[in-house]
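Notes follow the structure.
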Amino acid sequence: AKAAGRNTFRFFDPAMQAALDASASLETDLRAALAQRELLLYYQPVVDADGCMTGAEALLRWQHPRRGLVAPGEFIAQAEKAGLIGEIGDWVLETACQQLVAWSGDAATCHLTVAVNVSARQFRQPAFAERVLQIIARSGANAHLLKLELTESMLLADVEDVIGKMSLLKSRGVSFSLDDFGTGYSSLSYLKRLPIDQLKIDRSFVHDMLHTPHASTIVRSIVTLAHSMGLQVVAEGVESREQWDSLRQIGCGGLQGYLFGRAVPPQALLFGHQPLVAA
Ligand code: C2E
Ligand code: CA
Ligand code: CA
Ligand code: CA
């Protein structure tokens with residue numbers, strides 16, 4: 001180890017060293033990706049109970065020069081650790097706002113909302129809310145069409161701080177969805193303190209709801225409770241017509257999943273007032 005010099009050291013476990021090298025190269029690659037515009041936003045349709053598109057969720061992709069198209073699960077955590085999530089998050093917000101502006105000029109698309117995923121680190125930044133407002137103002141996007149998706153664990157932090165950020169953004173028209181709902185631990189009575197507009201039911205419940213009565217009971221009670229609290233509900237991961245039928249019966253107002261469309265580049269989205277899939 002000493003031979004490597006005073007300020008460097010080596011692991012003698014080759015597997016561990018290989019993993020370290022790989023993560024170091026991912027970090028270097030990510031920095032280059034930001035500079036070289038290799039990041040892309042794909043958009044997945046969000047539809048109403050009848051299957052008509054009401055908006056889209058922006059999902060990050062990385063067009064890597066050697067690896068091809070990389071999904072966010074493979075690099076978001078790394079970006080957080082490397083301290084790059086602030087920059088990436090700003091880029092995502094900026095690009096999503098530009099998409100809203102591009103859609104605003106056409107009667108077929110001007111009503112569409114865009115949902116943006118926010119990472120925990122990004123949300124914890126003290127000036128997060130001001131930054132979002134700055135990006136909205138600079139782009140000229142309509143804040144009322146922007147939805148930010150947060151997860152439960154992010155909201156369990158300093159509750160006054162969380163409420164402060166959310167309230168400031170809400171006062172300018174931005175709305176909030178609670179992502180992956182049902183997978184966390186918080187009670188709805190806790191969540192009631194937060195200015196949330198919408199719950200997104202995690203796709204694991206949607207996946208199980210036709211096979212296990214338990215899962216469909218959970219979905220039904222989430223929808224009922226959400227409505228009693230004045231919240232909208234979107235079910236994620238809708239892949240079959242049977243799931244759609246059952247969700248519609250339960251009264252779930254929003255749907256998202258492969259049945260209606262995968263995430264695609266914005267120019268590949270199909271617009272219009274017809275349902276994306278015939279009912
Ligand atoms: P998420 O927010 O829960 O997004 C939904 C994920 O489920 C997406 O995966 C989407 O492609 C996938 N999905 C949608 N419909 C279906 C379906 O019917 N069946 C199945 N099996 N999967 C479906 P994706 O794009 O790989 O994103 C994974 C996660 O990465 C997202 O989960 C989100 O947490 C995170 N993410 C994506 N974009 C961003 C971003 O811009 N910033 C941050 N911080 N995180 C992001
Ligand atoms: Ca999401
Ligand atoms: Ca989700
Ligand atoms: Ca998720």
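The analysis underlying the following values was restricted to heavy atoms, covering all of them including side chains, and did not include hydrogens, waters or symmetry mates. Fair warning: this is a prediction, and the values are worked out from it, not measured in the lab. Counting starts at 1 for both ligands and their atoms, in listed order.
- Put simply, part of Gly237 is less than 4.0 Å from ligand 1, judged by heavy atoms.
- Residue contact check: Glu239 has heavy atoms under 4.0 Å from atoms 17 (C), 18 (O), 19 (N), 20 (C), 21 (N) of ligand 1.
- Figure legend: cation-pi geometry between Arg131 and Phe128 absent, as NZ or CZ is not positioned both under 6.0 Å from the six-membered ring centre and within 45° of its axis.
- For the residue pair Gln256 / Gln44, a side-chain donor-acceptor distance below 3.5 Å is found, with atom types taken as modelled.
- Distances shorter than 4.0 angstrom do not occur between any heavy atom of His207 and any atom of ligand 1.
- Heavy-atom distances between Glu57 and ligand 1 reach below 4.0 Å in at least one pair.
- Contacts of Arg61 with ligand 1, taken as heavy-atom pairs under 4.0 Å, involve the side chain alone.
- With respect to the salt-bridge test (charged N to carboxylate O, under 4.0 angstrom), the residues Glu94 and Arg138 qualify.
- Ion pairing between Lys170 and Asp197 holds under the 4.0 Å rule for side-chain N and carboxylate O.
- Contacts of Leu60 with ligand 1, taken as heavy-atom pairs under 4.0 Å, involve both backbone and side chain.
- Within ligand 1, counting atoms from 1 as listed, the ones closer than 4.0 Å to a heavy atom of Gly257 are 15 (N), 18 (O).
- Within the 4.0 Å heavy-atom criterion, neither part of Val116 lies near ligand 1.
- Note: angle at the Ca ion (ligand 3), from OD1 of Asp180 to OE1 of Glu236, is 90° (rounded to 10 degrees).
- Few gaps surround NE2 on His64; more than 12 heavy atoms of other groups in view lie less than 6.0 Å from it.
- Against a heavy-atom cut-off of under 4.0 Å, Val92 is close to the following atoms of ligand 1: 41 (O).
- Of the heavy atoms in Gln256, none comes closer than 4.0 Å to ligand 1.
- In terms of modelled atom types and a separation under 3.5 Å, the side chain of Ser139 and the main chain of Ala141 share a donor-acceptor contact.
- Interface atoms of ligand 1 facing Ser119, defined by a heavy-atom separation under 4.0 Å, are 44 (N).
- In this structure, a donor-acceptor pair under 3.5 Å is present between the side chains of Ser119 and Glu80.
- Lys200 contributes atom NZ, which lies 12.0 Å from atom CD of Gln232 (distance to the nearest 0.5 angstrom).
- Assignment of Glu236 to the shell around ligand 1 is supported, since a heavy atom sits closer than 4.0 Å.
- Nearest-heavy-atom check against atom 10 (C) of ligand 1 across Leu59, Val118, Leu255 picks out Leu59.
- Within Asp179, OD2 is the N, O or S atom that lies nearest to the Ca ion (ligand 2).
- For the pair Gln122 and ligand 1, the shortest N or O to N or O distance does not fall below 3.5 Å.
- Taking backbone and side-chain atoms together, Glu149 has an N/O/S atom less than 3.0 Å away from the Ca ion (ligand 2).
- Between Leu269 and Val264, the closest side-chain pair of non-hydrogen atoms falls below 4.5 Å.
- At least one N/O/S atom of Asn117, from backbone or side chain, sits under 3.0 Å from the Ca ion (ligand 2).
- In the candidate list Ile76, Asn117, Leu93, Thr95, Asn117 is nearest to atom 33 (C) of ligand 1, counting heavy atoms.
- In Ala263, neither the side chain nor the backbone holds a heavy atom less than 4.0 Å from any atom of ligand 1.
- Residue Ser104 holds its OG atom at 8.5 Å from CG of Asn142, rounded to the nearest 0.5 Å.
- Short contacts between ligand 1 and Gln44, defined as distances under 4.0 Å to a heavy atom of the residue, involve ligand atoms 14 (C), 15 (N).
- Glu57 contributes atom OE2 as its closest N/O/S atom to the Ca ion (ligand 2).
- A heavy-atom distance below 4.5 Å is found between the side chains of Ile250 and Val219.
- Annotation: cation-pi geometry not satisfied between Lys147 and Phe176 (NZ/CZ under 6.0 angstrom from ring centroid, within 45° of ring axis).
- When atom types are taken as modelled, the side chain of Gln243 and the backbone of Ser240 share a donor-acceptor pair closer than 3.5 angstrom.
- Within the 4.0 Å heavy-atom criterion, the part of Asp180 lying near ligand 1 is the side chain and not the backbone.
- Electrostatic pairing of Asp161 and Lys165 counts as a salt bridge here, judged by a charged N lying under 4.0 Å from a carboxylate O.
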